[in-house]
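Taking it in order: structure first as structure tokens, then the write-up.
All values below come from the heavy atoms of this structure, side chains included, with hydrogens, waters and symmetry mates left out. Just so you know, these numbers come straight off a predicted model, no measurement behind them. Just so we're on the same page: letters track the sequence lines, and every chain starts at 1.
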Amino acid sequence: MPELPEVETIARSLSQGKGTGFSVVGQKIEGVSILWERSIATPSAVKFKQRIQGQTIREVGRRGKYIVMSLSSDTLLFHLRMSGDLHTKSAAVQDGEETVGKHDRVIFFLHNGQRLIFEDARKFGRIWLLANPQDELGDLGPEPLSEAFTADRFHNMLQSSKRPLKPLLMDQTFLAGLGNIYTDEALFKAKLHPLIPANQLGVEQAATLFKAIRETLLEGIRRNGASIDWAYRGGDFQNHFFVYGRKGDVCFICGTPIERIVVGQRGTHFCPTCQKTTIER
DNA sequence: CACGTCACCTGCGTGC
DNA sequence: TGCACGCAGGTGACGT
């Protein structure tokens with residue numbers, strides 16, 4: 001579940017207790033069970049357990065696709081990558097046995113008896129415990145929904161690269177939070193072909209793309225993210241895709257079949273009529 | 001430096 | 001039913 005809107009949805013749910021009625025904020029971490037060691041990026045599993053024990057969760061937020069948990073003295077970061085999920089669960093003891101889900105990788109035991117569970121079928125996700133979160137987050141590009149990110153600034157950023165739009169927008173050091181789905185959807189909304197070199201966009205096209213990116217992300221958040229395949233989490237945005245996963249189906253705007261090409265190893269969906277490779281100014 | 005390729009993993013849908 | 005294959009929301013380490 002992993003682009004900005006899904007991560008934002010999860011962070012909010014943990015912070016506000018939406019759905020569970022239980023917030024992790026204010027909870028002390030009593031212990032940790034690490035079921036797949038490689039889920040812990042740093043420090044070592046042993047040090048991770050020692051250092052986190054007894055720390056209290058002060059705040060839950062998001063930076064790019066990372067969930068950021070401020071603890072008493074450190075910061076806990078989660079990256080869900082392709083198949084990760086993070087949720088709370090009430091004490092899962094049955095007949096004296098702790099029940100463990102098939103894809104549970106790390107379980108945090110909280111003071112009130114609840115568990116914070118990091119689940120991850122494909123094991124690509126990672127968790128960091130850091131004194132300074134900037135060690136990991138330092139290279140991220142701007143937050144697309146922040147006030148500091150403006151159309152002018154975006155235009156300048158685009159001018160400094162001749163890379164095709166699709167891989168550039170997915171580069172987290174360029175802009176933090178877009179992934180494969182939201183990039184395809186935003187480019188469709190802006191009527192821009194994924195292979196257009198970034199520096200070909202004029203001020204107007206940059207502003208159009210800027211607006212499309214923000215609107216697409218906001219709609220994703222409003223719909224609690226997208227839930228596709230087996231990683232269902234209650235989001236609804238998957239029912240409102242214009243191009244993603246719609247290869248061969250007709251474009252809702254013009255009726256042309258949606259095409260799928262591969263760009264940078266990623267399936268890329270677009271409407272060949274609505275999204276031209278060339279720009280008229 | 002920019003770009004392409006592979007590696008990391010498991011699960012699901014499809015077609016034979 | 002079994003099995004091979006392609007595909008999947010991401011990124012980091014390589015190579016040229």
Side-chain angles (χ1 to χ4, degrees), chain A residues 1-11 35-42 62-67 77-87 101-106 118-128 135-141 144 158 160-188 194-195 197-199 213 216-217 219-221 223-248 258-269:
Chain A
M1 312 251 339
E3 299 179 47
L4 187 155
E6 290 76 29
V7 177
E8 178 70 22
T9 301
I10 292 170
L35 303 162
W36 181 254
E37 284 214 10
R38 297 178 66 182
S39 293
I40 309 294
T42 193
R62 178 193 58 74
R63 173 75 173 99
K65 298 177 194 171
Y66 290 82
I67 290 167
L77 300 179
F78 296 85
H79 198 302
L80 307 175
R81 295 280 173 92
M82 295 286 264
S83 59
D85 194 3
L86 189 62
H87 60 93
K102 187 180 179 192
H103 300 125
D104 292 359
R105 305 303 179 200
V106 180
F118 175 71
E119 184 187 348
D120 186 15
R122 292 177 72 180
K123 302 177 174 173
F124 289 165
R126 291 292 180 267
I127 303 173
W128 294 256
D135 291 353
E136 177 63 26
L137 306 177
D139 289 338
L140 288 177
L158 291 168
S160 68
S161 174
K162 50 187 191 337
R163 292 173 69 185
L165 290 173
K166 166 91 179 203
L168 182 65
L169 292 176
M170 288 185 64
D171 181 343
Q172 303 299 297
T173 67
F174 178 78
L175 188 63
L178 286 178
N180 206 37
I181 292 177
Y182 291 88
T183 300
D184 282 3
E185 293 297 318
L187 286 171
F188 174 81
L195 296 180
N199 61 5
I213 288 170
T216 304
L217 291 173
E219 187 189 353
I221 292 171
R223 299 190 182 280
N224 296 317
S227 314
I228 62 178
D229 298 338
W230 32 278
Y232 183 71
R233 251 199 87 87
D236 180 46
F237 190 54
Q238 71 280 7
N239 298 319
H240 303 271
F241 293 160
F242 280 88
V243 288
Y244 183 81
R246 298 197 61 245
K247 176 189 173 184
I258 300 301
E259 286 186 15
R260 178 184 182 276
I261 57 175
V262 175
V263 181
Q265 321 299 119
R266 310 305 302 276
T268 297
H269 315 75

What is the distance, rounded to the nearest whole Å, between atom [atom1] of [X] and atom [atom2] of [N]?
{"X": "A:Asp171", "N": "B:dC1", "atom1": "CG", "atom2": "P", "value": "13 Å"}
{"X": "A:Leu4", "N": "C:dG10", "atom1": "CG", "atom2": "P", "value": "11 Å"}
{"X": "A:Leu165", "N": "B:dC3", "atom1": "CG", "atom2": "P", "value": "12 Å"}
{"X": "A:Lys162", "N": "B:dC1", "atom1": "NZ", "atom2": "C1'", "value": "9 Å"}
{"X": "A:Lys247", "N": "C:dG6", "atom1": "NZ", "atom2": "P", "value": "13 Å"}
{"X": "A:Ile261", "N": "B:dG4", "atom1": "CD1", "atom2": "C1'", "value": "16 Å"}
{"X": "A:Lys166", "N": "B:dG4", "atom1": "NZ", "atom2": "C1'", "value": "16 Å"}
{"X": "A:Leu217", "N": "C:dG9", "atom1": "CG", "atom2": "P", "value": "16 Å"}

Just N and O in the side chain of [X]: are any of them under 4.0 Å from OP1 or OP2 of [N]?
{"X": "A:Arg260", "N": "C:dG6", "answer": "no"}
{"X": "A:Gln265", "N": "B:dT5", "answer": "yes"}
{"X": "A:Lys123", "N": "B:dC8", "answer": "no"}
{"X": "A:Tyr182", "N": "C:dG9", "answer": "no"}
{"X": "A:His103", "N": "B:dG11", "answer": "yes"}
{"X": "A:Lys65", "N": "C:dT11", "answer": "yes"}
{"X": "A:Gln172", "N": "C:dT11", "answer": "yes"}
{"X": "A:Arg266", "N": "C:dT11", "answer": "no"}
{"X": "A:Lys102", "N": "B:dT10", "answer": "no"}
{"X": "A:His79", "N": "C:dG10", "answer": "no"}

| message | Are A:Leu187 and A:Leu169 packed together at the side-chain level, in the sense that at least one heavy-atom pair is separated by less than 4.5 angstrom? | response |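 Side chain of A:Leu187 against side chain of A:Leu169, heavy atoms only: contact under 4.5 Å found.
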Side chain of [X] only, please: which of [options] is the nearest?
{"X": "A:Phe124", "options": "C:dG12, B:dC3, B:dC9", "answer": "B:dC9"}
{"X": "A:Arg81", "options": "B:dG11, C:dG12, C:dG9", "answer": "C:dG12"}
{"X": "A:Tyr244", "options": "C:dA8, C:dG10, B:dC3", "answer": "C:dA8"}

| said: Roughly how many Å apart are C:dT11 and B:dC12, using the P atom of each and rounding to a whole number? | reply: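 Approximately 23 Å lies between the P atom of B:dC12 and that of C:dT11.
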| task | With P as the reference atom in both, quote the distance from C:dC3 to B:dC9 in angstrom, rounded to an integer. | result |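 The answer is 24 Å between these two P atoms.
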| query | Does B:dG4 pair with anything, Watson-Crick or G-U wobble, both distances under 3.5 Å, and if so, with which nucleotide? | reply |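 When the pairing criteria are applied, C:dC14 turns out to be the nucleotide that pairs with B:dG4.
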| request: If C:dG9 has a Watson-Crick or G-U wobble mate with both distances under 3.5 Å, name it; if not, just say none. | output: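 Pair assignment: C:dG9 / none.
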| request: Apply the side-chain contact (heavy atoms from CB on, under 4.5 Å) test between A:Leu178 and each candidate in A:Leu4, A:Asp184, A:Thr183; give the one that qualifies. | output: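 With A:Leu178 as partner, A:Leu4, A:Asp184, A:Thr183 yield a single side-chain contact (heavy atoms from CB on, under 4.5 Å), made by A:Thr183.
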| said: Would the base of C:dA8 count as contacting A:Arg122 through its side chain, where contact means a donor and an acceptor less than 3.5 Å apart? | reply: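 Under the 3.5 Å cut-off, the side chain and the base do form a donor-acceptor pair.
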| query | A:Tyr66 and A:Gln172: side chain to side chain donor-acceptor pair (under 3.5 Å), yes or no, with the steps? | reply | CA-CA 11 Å; A:Tyr66 290 82; A:Gln172 303 299 297; over 6 Å; no
| query | Where the side chain of A:Asn180 meets the backbone of A:Gly267, is there a donor-acceptor pair that is under 3.5 Å apart? | reply |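 Between the backbone of A:Gly267 and the side chain of A:Asn180 there is a qualifying donor-acceptor contact (under 3.5 Å).
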| said: Once you measure the plane-to-plane angle for A:Phe188 and A:Phe242, does it fall in the parallel (<30°), tilted (30-60°) or perpendicular (>60°) bin? | reply: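 Geometry flag for A:Phe242 against A:Phe188: parallel rings.
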| query | Given the rule in the side chain to side chain donor-acceptor pair (under 3.5 Å) test, do A:Glu119 and A:His87 qualify, once you have shown the distances and angles that lead to the verdict? | reply | CA-CA 8 Å; A:Glu119 184 187 348; A:His87 60 93; 2.7 Å; yes
